Each structure stands twice: as C-alpha cells, then as structure tokens.
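Computed from a predicted structure; not experimentally measured. Both counts, for ligands and for their atoms, begin at 1 and track the order of listing. What you see below is based on every heavy atom in this structure, not just the backbone, and it leaves out hydrogens, waters and symmetry mates.
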Amino acid sequence: MKIGVYSERPDERAFFDHAAQACGVELVMCGAVPDLSNCRAAEGCRALSIITTPVPAPLLDAFYAAGVRYISTRTVGYDHIDVAHARKIGMHIGNVSYSPDSVADYTVMMILIAVRKLKAIVTRAQGQDFSLGGVRGRELRDLTVGVIGTGRIGTCVVRRLAGFGCRILACDLRENDAVRQAAEYVPPDELYRRSDVITLHMPATEDNYHMIGRESLGKMKKEVCIVNTARGSLIDTQALIEALEDGRVGAAALDVVENEAGLYYNDLKCVPLKNRELAVLRSFPNTFVTPHTAFYTEHAVRDMVEYSVRSCASFCRGEDNPWLVF
Ligand code: COI
C-alpha cells in the first residue's frame with residue numbers, strides 16, 4: 001500500500017521510516033509544498049500526509065482526480081484545508097493529536113516572557129544597557145490568568161499554571177472536570193474583566209474569527225498581557241497593535257499571527273517581509289513574536305509523523321481511524 005507524503009522535513013525522516021515499517025506501508029515522497037505542479041506525484045496513493053500549507057479547492061480536485069481519497073494533515077488544526085469543498089467532493093480529511101505538552105510548555109514560557117518583560121531585558125542587555133528602568137516584572141502568584149479554550153492543550157496549560165499559585169479563570173463551551181480542579185469557569189466577559197493575562201487555546205473557526213478585537217479588548221483590564229499559541233485569526237491584529245500603542249495592552253507574546261502562511265518555516269533573511277502588521281509587532285519592545293514553533297519538540301514531531309502514517313494506513317485498510325475528522 002502506497003501513502004503519499006508532502007513537505008517532509010529532514011528531521012521527520014527517521015520517524016517516517018520507522019512508521020512506514022511499523023505499519024507495513026510504502027511511502028512515496030511527493031515533493032515539497034503540494035500544489036498543482038506536483039499533485040500528479042500522488043497518483044497511486046489513496047491517502048496523503050501533508051502539513052500546514054494551504055489546500056484550496058482546485059488542489060483538492062486535482063488530488064481526487066489522481067485517486068486520492070484521504071488527506072491527513074500532520075497538525076491539530078486543519079483550517080489550511082478547504083474542508084467545505086473536501087466534503088462536497090467526497091475527500092476525507094484527518095488531523096493528528098500530538099503531545100499537547102509541547103504547546104503547553106511553550107505557552108507557560110510565553111506567559112513568563114510577557115509578564116517578566118524579557119524581550120526588553122534581553123534586547124537592552126545586548127547593547128550593554130543593564131539598567132532596571134521600565135523592566136520591572138510581575139509575579140504569577142499575584143496575577144489572574146484567563147485561559148480561553150480548555151481542550152487538550154488548554155487543560156495542560158491550566159495544570160501547569162496551578163503550580164505557580166496564580167488565580168486561573170477558564171472559558172469554553174464544553175467544561176471539563178480536570179480544569180475545574182484548578183480553575184474557575186466564567187463567561188467570556190468576566191474573564192476579560194478579571195484577567196491580567198489572557199491565553200488562547202482554540203482552533204480557528206468562522207465563529208471565533210477576531211474574537212480578540214476592539215470590543216473584547218475594550219472590556220479587558222488595563223495593561224493585560226495577551227498570549228496566543230493557537231491561531232492568528234483569533235486576534236484582530238490591527239486592533240491589538242492600536243491597544244499596544246496606547247498602552248491598554250501591556251504586553252503580547254505571539255507564536256501565531258494573521259497571514260503567516262508562506263512566511264513561517266522559510267528563510268527570508270534577505271527578503272523584505274510581506275506582512276506589515278508582523279513587522280510592526282516585531283518592532284515593539286513589549287511584543288515577543290515567534291514563528292509558530294510552540295509545537296516543535298522531538299516528542300511532538302514523532303507523534304505527528306507516526307499518527308499521520310497510521311491514520312492513512314487505517315483509512316486505506318478500512319480500519320478504525322481515531323484521527324478521521326470526516
Ligand atoms: C497544529 O498542529 O495545528 C499547529 O499549529 C502546528 C503546525 C503549524 C505544525
């Protein structure tokens with residue numbers, strides 16, 4: 001059985017070899033980013049493993065014509081795939097549920113970076129400015145942290161935060177008992193009003209597009225810290241920039257930004273950045289930006305590759321597939 005793989009990175013190689021052997025499948029390395037120029041490389045594969053790059057309707061049609069019936073993305077989020085079109089043409093889609101600890105650890109680091117003003121401390125120290133003015137931080141035990149989204153990652157974040165002695169508020173349509181042990185579930189407006197730090201942990205949907213925007217920012221505490229390791233589209237970037245400029249938001253730590261596709265994971269050091277909002281955010285001393293790397297640990301990469309290959313093999317064999325989205 002042949003499974004097509006797109007966008008394989010060198011650090012995934014050993015995990016792919018191991019997973020192929022364990023599942024008894026043959027992997028066909030189809031190329032870098034999947035697009036209309038290389039989609040025919042998938043001929044003969046009923047299932048494909050891809051990663052974050054966009055899969056619009058014409059590419060789905062081309063894969064379907066090549067005989068592909070299942071696309072597994074080696075990511076939790078699948079908002080880069082035109083799922084409405086996939087459903088329409090009968091293309092099945094799967095994601096993977098890799099170690100949530102990868103993103104949870106990183107989130108705690110981002111929260112600490114924001115509340116301890118680490119970007120300003122490090123940047124200034126690089127120029128031998130070792131003065132203390134303007135870099136006094138706050139201790140987490142004195143703060144209230146609001147966690148929006150308490151799925152697998154949000155729950156891990158709450159567990160970690162419990163060790164810091166801060167007050168934890170949580171918000172989700174579906175509440176869970178593990179979170180209730182350490183956090184108080186409250187409605188969104190109350191979380192906005194009471195939190196010193198707000199961290200986001202939801203998938204991107206049409207309903208939560210720009211949920212952090214002028215209106216919600218207006219309900220937050222002065223100098224709130226905003227942390228986003230989930231999806232850029234959750235935040236109206238322009239509104240966040242304005243709130244950072246006028247001091248209503250005290251700090252931001254962002255692993256994701258709007259319109260990051262095509263930028264992140266590429267070496268663009270000799271190219272003008274084609275995302276002005278990202279350039280503005282990167283220029284602020286109180287805004288720490290990383291290129292969507294919260295997931296990137298050895299454990300998580302192993303999970304991503306292994307689960308995606310297993311998911312493709314299960315689909316092709318008609319077996320139970322826990323990662324099937326539809
Ligand atoms: C996801 O798994 O949804 C992620 O955000 C990580 C991905 C960009 C590699």
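For ligand 1, the polar-atom distance check finds no N/O of Ile51 at less than 3.5 Å from any of the ligand's N/O atoms.
Looking at Asp172, its side chain does come within 3.5 Å of a backbone N or O of Thr150 through a donor-acceptor pair.
Between the side chains of Asp255 and Tyr264, not a single donor N or O lies within less than 3.5 Å of an accepting N or O. A donor atom on one side chain and an acceptor atom on the other are found under 3.5 Å apart for His85 and Asp61.
Shown in contact with Thr52 at under 4.0 Å from a heavy atom are these atoms of ligand 1, numbered in order with element: 7 (C), 8 (C), 9 (C). Within ligand 1, counting atoms from 1 as listed, the ones closer than 4.0 Å to a heavy atom of Val76 are 1 (C), 2 (O), 3 (O). Counting atoms of ligand 1 from 1 in the listed order, those under 4.0 Å from a heavy atom of Met304 are 9 (C).
From the protein, the heavy atom lying nearest to atom 5 (O) of ligand 1 is His292 NE2, 2.7 Å.
Comparing Tyr296, Tyr98, Tyr265 against atom 6 (C) of ligand 1, the shortest heavy-atom distance belongs to Tyr98.
Tyr70 and Phe315 have parallel rings, their planes meeting at less than 30° on a 0 to 90° scale where 60° marks the start of perpendicular.
Figure legend: Arg141 and Phe164 shown without cation-pi pairing, the cationic atom not lying both under 6.0 angstrom from the six-membered ring centre and within 45 degrees of its axis.
Counting only heavy atoms from C-beta outward, the side chains of Glu175 and Val179 never approach each other to under 4.5 Å.
Under 4.0 Å from ligand 1, the heavy atoms of Arg231 that appear belong solely to its side chain.
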